[in-house]
Amino acid sequence: MALYSDKVMDHFKNPRNVGKLDDADGIGEVGNARCGDIMKIYIKVENDIITDVKFNTFGCGSAIASSSMATEMIKGKPLSQALELTNKAVAEALDGLPAHKLHCSVLAEEAIRSAIKDYYDKNGIEYDPALFPEPHDEE
């Protein structure tokens with residue numbers, strides 16, 4: 001059995017939504033000190049809908065694939081739905097990740113949450129702080 005699924009390889013070799021939004025409404029950046037992966041997510045929001053999303057990821061193939069898949073999963077969705085995206089959903093959408101690479105999907109989830117929190121903060125939108133736990137390093 002291959003270490004990585006065809007979907008992981010596709011999103012690694014042909015990542016979707018790579019780049020930067022200069023006029024982003026929210027920006028989230030997270031990293032994992034242990035492995036060195038860094039993800040930055042940019043979102044554009046209109047009427048509570050994520051109309052555009054881009055990412056820059058410095059990291060392994062699983063980190064790039066997780067970023068790519070996660071952006072595809074939230075594009076065109078309401079912020080409330082994007083906040084429900086879990087690392088498990090990202091990993092499942094990629095047809096799985098090796099156990100030692102699951103932290104990559106956690107980073108994608110955390111980067112999206114961070115971008116949405118930034119959007120809320122910039123626009124003075126009240127939110128439940130419990131929705132935005134502090135990002136953490138995986139062991």
Side-chain angles (χ1 to χ4, degrees):
M1 181 175 139
L3 184 60
Y4 296 105
S5 72
D6 290 342
K7 281 188 182 177
V8 170
M9 294 307 296
D10 180 41
H11 278 268
F12 167 63
K13 292 179 180 177
N14 307 292
R16 285 67 152 178
N17 306 307
V18 174
K20 178 181 179 185
L21 292 173
D22 290 324
D23 60 346
D25 295 315
I27 301 170
E29 184 172 6
V30 297
N32 182 304
R34 188 177 130 266
C35 69
D37 292 339
I38 299 170
M39 286 184 192
K40 196 165 190 175
I41 302 268
Y42 305 83
I43 58 172
K44 191 79 183 148
V45 180
E46 290 177 30
N47 299 319
D48 205 45
I49 304 290
I50 297 174
T51 58
D52 201 4
V53 58
K54 300 283 185 208
F55 78 91
N56 290 123
T57 293
F58 178 81
C60 66
S62 294
I64 292 166
S66 292
S67 300
S68 175
M69 179 59 81
T71 60
E72 285 288 279
M73 293 173 78
I74 66 166
K75 194 173 196 176
K77 303 285 193 247
L79 292 170
S80 59
Q81 200 170 343
L83 281 170
E84 293 174 359
L85 182 69
T86 64
N87 67 297
K88 183 179 178 188
V90 173
E92 286 174 359
L94 288 167
D95 291 337
L97 287 170
H100 68 283
K101 292 296 184 176
L102 282 175
H103 68 274
C104 297
S105 61
V106 171
L107 284 177
E109 175 188 339
E110 290 177 346
I112 289 166
R113 287 184 175 277
S114 179
I116 293 171
K117 182 181 183 299
D118 183 54
Y119 168 74
Y120 286 162
D121 288 343
K122 286 178 178 174
N123 290 281
I125 298 169
E126 289 188 31
Y127 56 83
D128 179 357
L131 290 172
F132 302 99
E134 286 296 311
H136 59 282
D137 284 336
E138 295 289 312
E139 292 291 323

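Reckoned from all heavy atoms, side chains included, excluding hydrogens, waters and symmetry mates.
- Residues Leu97 and Ser66 approach most closely at CD1-OG, 3.7 Å, considering heavy atoms.
- Residues Lys122 and Asp25 approach most closely at CD-O, 3.6 Å, considering heavy atoms.
- Counting all heavy atoms, side chain and backbone alike, Gly28 lies closest to Ser114 at CA-OG, 3.3 Å.
- With sequence neighbours left out, the side chain to side chain contact (heavy atoms under 4.5 Å, CB included) criterion links Asp22 to Lys20.
- Every residue two or more places apart in sequence or in another chain that forms a side-chain hydrogen bond (donor to acceptor under 3.5 Å, both in side chains) with Glu72 is listed here: Asn17.
- Judged as a side chain to side chain contact (heavy atoms under 4.5 Å, CB included), and not counting sequence neighbours, the contacts of Lys88 are Thr86, Glu92.
- The side chain to side chain contact (heavy atoms under 4.5 Å, CB included) check on Ala70 picks up Leu85, Val90, Ala108, Ile112, with sequence neighbours excluded.
- Met73 is connected to Ile41 through a chain of hydrophobic side-chain contacts under 4.5 Å among Ile, Leu, Val, Met, Phe, Trp and Tyr, so both are in one cluster.
- Residues meeting the side chain to side chain contact (heavy atoms under 4.5 Å, CB included) test with Asp52, sequence neighbours left out: Leu21, Lys44, Lys54, Lys75.
- Under the 4.5 Å side-chain contact rule for hydrophobic residues, Phe132 and Ile50 share a cluster.
- Heavy atoms of other residues, nucleotides or ligands lying less than 6.0 angstrom from CG of Asn123 number more than 12.
- Scanning all heavy atoms of the two residues, the minimum distance from Leu107 to Val30 falls at O-CG2, 3.4 Å.
- Under the salt bridge (Lys or Arg N to Asp or Glu O under 4.0 Å) criterion, Lys77 pairs with no residue at all, not counting sequence neighbours.
- Evaluation of the side-chain hydrogen bond (donor to acceptor under 3.5 Å, both in side chains) rule for Asp121 yields Lys117, Tyr127 as partners, not counting sequence neighbours.
- The side-chain heavy atoms of Ile38 and Glu29, taken from C-beta on, include a pair separated by under 4.5 Å.
- Shown here for Ile64 and Gly59, the closest heavy-atom pair between the two residues is CD1-O, 3.8 Å.
- Atom OG of residue Ser67 and atom NZ of residue Lys40 lie 13.5 Å apart, to the nearest 0.5 angstrom.
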Got a list of side-chain donor-acceptor pairs under 3.5 Å for residues 8-15, not counting sequence neighbours?
unit_1	atom_1	unit_2	atom_2	d
Asp10	OD1	Asn14	ND2	3.0
Asp10	OD2	Arg16	NH1	3.3
Asp10	OD2	Arg16	NH2	2.6
His11	ND1	Ser68	OG	2.6

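- Checked against side-chain hydrogen bond (donor to acceptor under 3.5 Å, both in side chains), Ser62 has no partners two or more places apart in sequence or in another chain.
- Around the CG atom of Asp128, the shell of radius 6.0 Å holds more than 12 heavy atoms that belong to other residues, nucleotides or ligands.
- With sequence neighbours left out, the side-chain hydrogen bond (donor to acceptor under 3.5 Å, both in side chains) criterion links Ser105 to no other residue.
- In the hydrophobic clustering of ILVMFWY residues, with side-chain heavy atoms under 4.5 Å counting as a link, Phe55 and Ile74 come out together.
- A single hydrophobic cluster is seen to contain both Ile116 and Val53, as judged by linkage of ILVMFWY side chains at heavy-atom distances under 4.5 Å, directly or through other members.
- Connection of Phe58 to Ile27 is not established within any shared hydrophobic cluster, with ILVMFWY side chains joined at heavy-atom distances below 4.5 Å, either directly or through further cluster members.
- When every heavy atom of Cys60 is checked against every heavy atom of Lys101, the shortest pair comes out as SG-NZ, 3.5 Å.
- Separation of atoms NZ (Lys7) and CG (Leu94) is listed at 8.0 Å; rounding is to 0.5 Å.
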